[in-house]
Amino acid sequence: MGGLVARALLTLKNFKPELINLLITQATPHVAPVMPLDRYLTDFYTAVNNHWTLKAQDLRNLTTLSVAGGFRDYQVRSGLAFLPRLSQHDSALSVVSSAVPRAWASTDHLSIVWCKELILATIRAFFDLIDENTRQITEDPKKRMSVLNHHFVRHPGKIFEENPEVFTELTGTFTWVEVKTSKWTYSAYNDSDGKYFTFPLASHRESYSHIYCENTKLDSSSWIYGCMNSNSSVCLEAADLSWRAELLPTVKFTLDCEFFKEDSRTIQLPVTNLFSFGLSSSKILLNSTGLFYNVQLQHFNQVYQAFKIHVESHCQSLIERKPSVYRLHIPWSHEDSVTVVNVPSFTEISAKLHMAQPENESRFPVLNIYSSSDCQYEVILKTSFLQILGQIIRFHAGALPVYVVSNILLTYGGQLSTLLSTGQCSEFSLELVRTAKPYKVEPIISIVVFLQGFNWFREIWDSLLLPEVDAAVLSSQDAWFPLVSLILFLFGTGIAYWSAVFFSTSLRIFSSLCLTLTRPTVLSKAKLITPRRLCMMGSLALVSWTTCGAFALFIIYLQYLFKVIKLSINVRAEQNVLNRELEHSKETSQNSIRCTVKKQDLIDSTSEATESLSSSTTAEAANSLKIHVTVLNLFTWIVLLNLPSLVYWLKNLRYHVRLDPDPCRTTAIILVCILEILMNLSTSEVKSSKLLKMAAKVPLPLSVAVLAFGRMHLYKVPHFVTFSLFLHVLCCVV
């Protein structure tokens, strides 16, 4: 986050932008917060990014580098670390650590600051950025970008030079050797005599379009030239082409060159369908024994696509060879990944994107194969369903709480509907299976997103002062597709179900344990509003206002949890008593032969009346317990979403007692008042309410609204839940 704070400095009115000319950030989420948990954070991001977009011309003297960690960074995905695209493309650079020369490795969120390879690349860049005259970072923005590109994008294997000599005179008494073959290899370990190898281009131009050379002897000196002026077989003046070379990882010391036609080394490989689930595959066989291949991955352009690429190398002889290098090159962003393997071998490469293909980009991702001589390669591509799920989680895991709350709201509405129609309340798990269906919410959101493409609908939408649907915003960012919402909804259903099972099981175990240790109180109907509860409301509202709203929510949560546990103990105790009385009455009826018929009828009628009253009270308490469990599930997620505010307040308590600004203060005050009444509410007081029908129907549109407006704004979720709970409380009044 320090990188974002550094960018935010430029939004201050009295800050002078000319004080900074270089900014390097590591694993900074520049685009959006990882978890948009409060309005202040999202407003902060909007202000910073809008300022950088509107003031791009004023910031052209500032050079910015953002380094992302790659797929090993599970906290901040690399797509968030790419700087927002500005009109000034020449002043900002975003790279992934797996593509950084001499690093070529993904890092997690912590190791990115101590990764030795990345540290060395950064330090080398700092040294090259120093102006020899001023001993400070150079004021030339072009040189700064040139240095950063040299160390973080394309390294030629040479020490950086600001103005390298274009032409070089080749002098010395070295031996000149003319190479006439189209494919050539030279190895030297202790060769002290210098040699020049010349490749005559005139004789090869008709048959070949390109020449490819790779040198694995890294001595950071010039090694390849284009002859400008020659005398017979000796070159007198040449252009240094070493600056156009590219550094790749290797381990052996050889020099290989070959002439080839680009078309013969460029193979198009269509990727498999998203719904093939790895059952089908695309396969190509590279029959020639060349040194370099380009495998274009067609139709690979979206972040939800993920594939496994298997590269199998077959070699003709058993001699020792230099390793092969496989590089997955993404042309529209610096997120390449490099794999080095020995040959022959069977290698698996993961192919997935950090950023979708831009609209103005027509190039394909390419698998570059820097092959070993005399080896053939077979490339097999399959869709990876598990990695597709991984991409969905990587891009949308922050929205999972929204889907869980949406499922619980549907269940909550179903329980109230059952209470209205039958007078009984169903179990949470059973009601979740019955009511939490994606077709109740997803089609509505999809229809709204579709209609927002029409101007007339957008005008009506804006006139109602409604915010834009989050799915439409994500679609414009190429981070959304229809099925992802269905998958996340199913994930949310699973989380809601198993969390409810875990809570119910824990409640039963704890209740049984308490029954063996303590004596439960008798179930009785309590008043909803008492002076003690009003005092508790006022106290918690005061705590929320003077300290932290999340702290007040946590206190009321513990109070509600204790209330539910106590109610569960009492219900379980009453049910045990009823079961014992039922068994006892059966035994009594069988053994009461000596009693008179009249006396027996009186005893039976009295017993039945007592049992009926007791069972009715127990049933009402059981129904109330089921509703309270659902409300507590909803409230648990509200507390979790506000937990960061509580943690921040506790860590800064020694500096100030009051959290200011507090993102959940108002919501906390309202919820404290609602829950203080709601935790003492029973179903008997709600059944006869005129508002119960409305309270049972409202959770469905609220669950739709949660998904429509809460995916990118998690802080809005408690507002919808609060409204539903408020209607429930009103049911005891109206």
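Here the structure is a predicted model, which is why all the values come from computation and not from measurement. Note: hydrogens, waters and symmetry copies are ignored here, and every other heavy atom, side chains too, is used.
With 3.5 Å as the limit, one finds a donor-acceptor pair spanning the side chains of Ser242 and Asp240. Side-chain N/O atoms of Thr25 and His30 include a donor and acceptor closer than 3.5 Å. In summary, the side chains of Arg72 and Ser106 do not present any donor paired with an acceptor at a separation below 3.5 Å, with no hydrogens or angles considered. Remark: the His329 side chain and the Asn368 side chain contain no N/O donor-acceptor pair separated by less than 3.5 Å. The closest side-chain donor-acceptor pair between Ser222 and Lys158 falls under 3.5 angstrom.
Checked by atom type and distance alone, the side chain of Ser282 pairs as donor or acceptor with a backbone atom of Pro270 at under 3.5 Å. Put simply, the side chain of Thr266 never gets that close to the backbone of Asn294: no donor and acceptor are under 3.5 Å apart.
Between Phe277 and Phe275, the ring planes are perpendicular. Angles over 60° get that label, and only those under 30° would be called parallel. Using bins of under 30°, 30° to 60° and over 60° for the plane-to-plane angle, the ring pair Phe346/His310 lands in the parallel bin. Ring geometry, Tyr370 versus Phe292: the interplanar angle falls from 30° to 60°, so the pair is classed tilted.
Considering only heavy atoms from C-beta on, Pro663 stays 4.5 Å or farther from Tyr715 through its side chain.
Applying the ring-ring contact (aromatic ring centres under 6.0 Å, His included) test to pairs two or more places apart or on separate chains, those with a residue in residues 133-163 are His150-His155, His150-Phe160, His151-His155.
Note that CG of Asn21 is 9.0 Å distant from CG of Leu129, once rounded to the nearest 0.5 Å. The line from CD1 of Ile224 to SG of Cys213 is 4.5 Å long, rounded to the nearest 0.5 Å.
For the pair Lys143 and Glu162, the salt-bridge criterion is met [side-chain N within less than 4.0 Å of a carboxylate O]. Residues Arg327 and Glu246 are paired through a salt bridge, judged by an N-O separation under 4.0 Å between the basic side chain and the carboxylate. The existence of a salt bridge linking Arg265 and Glu258 is confirmed by a sub-4.0 Å separation between a basic side-chain nitrogen and an acidic carboxylate oxygen.
The side-chain tip of Arg363 does not point at the ring of Trp332 from less than 6.0 angstrom away and within 45° of straight on. Cation-pi geometry between Lys382 and Phe307 is not met at under 6.0 angstrom from the ring centre and within 45 degrees of the axis.
Listed by chain and number, the residues in a side-chain hydrogen bond (donor to acceptor under 3.5 Å, both in side chains) with Tyr326 amount to none (sequence neighbours excluded).
Within 6.0 Å of CZ in Arg124 there are more than 12 heavy atoms belonging to other residues, nucleotides or ligands.
A pairwise comparison of heavy atoms in Ser324 and Val343 identifies OG-CG1, 3.1 Å as the closest pair. Nearest heavy atom pair, residue Met355 against residue Val303, reads C-CG1, 3.9 Å.
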